Amino acid sequence: MGANASNYPHSCSPRVGGNSQAQQTFIGTSSYSQQGYGCESKLYSLDHGHEKPQDKKKRTSGLATLKKKFIKRRKSNRSADHAKQMRELLSGWDVRDVNALVEEYEGTSALKELSLQASVARPEARTLQKDMADLYEYKYCTDVDLIFQETCFPVHRAILAARCPFFKTLLSSSPEYGAEIIMDINTAGIDMPMFSALLHYLYTGEFGMEDSRFQNVDILVQLSEEFGTPNSLDVDMRGLFDYMCYYDVVLSFSSDSELVEAFGGNQNCLDEEHKAHKAVISARSPFFRNLLQRRIRTGEEITDRTLRTPTRIILDESIIPKKYAKVILHCMYTDVVDLSVLHCSPSVGSLSEVQALVAGKPNMTRAEEAMELYHIALFLEFNMLAQGMKF
């Protein structure tokens, strides 16, 4: 239904430079005339009388040699001071204590090198802002189309409603899935690239194009009056997590023997569901993204849209215990790993907890929970959560 707004070229500033003559370096001259100050270039030199070239060369080399001697002496003095201080410090020590100190230094150096190698080898975790930028660009799980200047912009209802009061009011009038809404913007001078940049800002908190019009205070004031001024991305995403407006997916947890019953919609299973948004979980986790795309290919998504029911994702609790669900979702929406929710609101009847009680095992320590959550993050391909568990 139209072109993707992200394909429009962005304006760019012209290149400055390129004049080879203006980039020349004048050694020993005054360059004021090159800058338009109106002064003549003059050659500055020191007059040493009738000094011969041989004498001048000898005098210069002698000063350089003397300077090197001073620098060498200063370095040797510093080294001697350090050695003297170490001898004074260790003069009264036992040999075993000295060996222990050497081992401590060697161990610290090895740990530092190991930490550096781990940082280099570990891929950089994608932040919420980067994942939201990809969400806007690649259009995962969009549920509403905005029509602006005969161009279609597929977007996500929950994101725009949480970020912008204007869209919250506009989208509430068209609650059906896949609604097409024609945009009528009163602010003058808004074209398709600029409208795309505004949507990009709502998704990421920063403009996606270098446009001089965004430096115009009058246009920014008019936009703020018409659309409202959004909070920071972190604040609005935290509000979306707390209130779950326009949620369209629920996460259910079950053992293998209960999967058939869970698909049937057992009320006990409904009480243990966690609400979420397809846009967010697909943007943050390739595991969930592939799962949702597979449902679209098999036609299961059409059934949910026809019945106007949220998509239910059944997770095997032996792999992902439901007590970690809130920690995982909280990190997806905020980039913050909060393990305190594990103990302030424990999940009753968790399969892992029942198995631990039957086996006579004590409750898990905080470190054991972090390690288990780390492996769950790797399974979900959620690097931000995995790196948050490395402490």
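Remember, predicted model here, so these are calculated numbers, not experimental data. Below, each value reflects all heavy atoms present in this structure, side chains not excepted, and no hydrogens, waters or symmetry copies.
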Rounded distance (nearest 0.5 Å) linking atom [atom1] of [X] with atom [atom2] of [Y]:
X	Y	atom1	atom2	result
Ile376	Glu369	CD1	CD	10.5 Å
Phe167	Met183	CZ	CE	4.0 Å
Asp248	Glu301	CG	CD	8.0 Å
Glu317	Ser252	CD	OG	11.0 Å
Lys322	Ile328	NZ	CD1	13.0 Å
Cys164	Asp236	SG	CG	9.5 Å

State which residues pass ring-ring contact (aromatic ring centres under 6.0 Å, His included) with Tyr138; sequence neighbours excluded, sorted by chain then number.
none

Check the orientation of Phe287 and Phe379. Use parallel for under 30°, tilted for 30 to 60°, and perpendicular for over 60°.
tilted

Phe153 and Phe195 aromatic ring geometry - parallel, tilted or perpendicular at 30°/60° bounds:
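Perpendicular, since the angle between the ring planes exceeds 60°.
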
Any chance [atom1] of [X] has more than 12 other-residue heavy atoms, nucleotides or ligands included, within less than 6.0 Å?
X	atom1	result
Tyr177	OH	yes
Glu176	CD	yes
Leu89	CG	yes
Ile302	CD1	no

Before giving the answer on side-chain contact (heavy atoms from CB on, under 4.5 Å), spell out for Leu146 and Cys152 the whole-Å C-alpha distance, their side-chain angles and the decisive distance to 0.1 Å.
CA-CA 6 Å; Leu146 302 180; Cys152 178; over 6 Å; no

All pairs passing ring pair (Phe, Tyr, Trp, His ring centres under 6.0 Å) where residues 300-321 contributes a residue, at least two apart
none

A cation-pi test, strictly: NZ or CZ of Lys139 under 6.0 Å from the centre of the six-membered ring of Tyr136 and no more than 45 degrees from its axis. Yes or no?
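So Lys139 does make the cation-pi contact.
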
Would you say the side chain of [Y] lies within less than 4.5 Å of the side chain of [X], judging by non-hydrogen atoms?
X	Y	answer
Val336	Asp234	no
Leu373	Val327	yes
Phe253	Pro321	no
Arg284	Val280	yes
Arg126	Met384	no
Asp316	Ser254	no
Leu160	Phe166	no
Val155	Asp145	no

Output yes when Arg238 and Asp242 qualify as a salt bridge under the 4.0 Å nitrogen-oxygen rule, no when they do not.
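The answer is yes: the pair qualifies as a salt bridge.
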
Does Gln293 have any side-chain contact (heavy atoms from CB on, under 4.5 Å) partners at least two apart in sequence or in another chain, and if so, which?
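Here the qualifying residues are Tyr140, Arg289, Asn290, Arg297.
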
Show the nearest heavy-atom pair for residues Ser224 and Thr229, with the distance to one decimal.
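Scanning both residues, the minimum pair turns out to be CB-OG1, 3.6 Å.
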
Go through Thr303 and Thr306 one step at a time and tell me if the side-chain contact (heavy atoms from CB on, under 4.5 Å) criterion holds.
CA-CA 5 Å; Thr303 303; Thr306 303; 5.8 Å; no

Just by distance, do the side chain of [X] and the backbone of [Y] share a donor-acceptor pair under 3.5 Å?
X	Y	result
Arg163	Leu202	yes
Glu103	Ala100	no
Asp335	Leu128	yes
Arg157	Leu171	yes
His200	Glu206	yes
Ser109	Glu106	no
Thr169	Pro165	yes

Under the criterion side-chain hydrogen bond (donor to acceptor under 3.5 Å, both in side chains), I'd like the reasoning laid out for Thr204 against Gln129: C-alpha separation, chi angles, the key distance, then a yes or no.
CA-CA 5 Å; Thr204 66; Gln129 186 182 61; 5.1 Å; no

Between Tyr246 and His277, is the ring centroid distance below 6.0 Å?
no

Thr298 and Glu300 side chains, donor-acceptor separation under 3.5 Å:
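Distance-only check passes for Glu300 and Thr298.
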
Ser285 and Glu381: side-chain hydrogen bond (donor to acceptor under 3.5 Å, both in side chains), yes or no, with the steps?
CA-CA 6 Å; Ser285 168; Glu381 302 177 73; over 6 Å; no

Exactly one of Glu226, Gln222, Glu225 clears side-chain hydrogen bond (donor to acceptor under 3.5 Å, both in side chains) with Thr187, and that residue is Glu226

Going through the distances and angles, do Lys278 and Thr311 end up as a side-chain contact (heavy atoms from CB on, under 4.5 Å)?
CA-CA 9 Å; Lys278 296 178 184 177; Thr311 299; 2.9 Å; yes

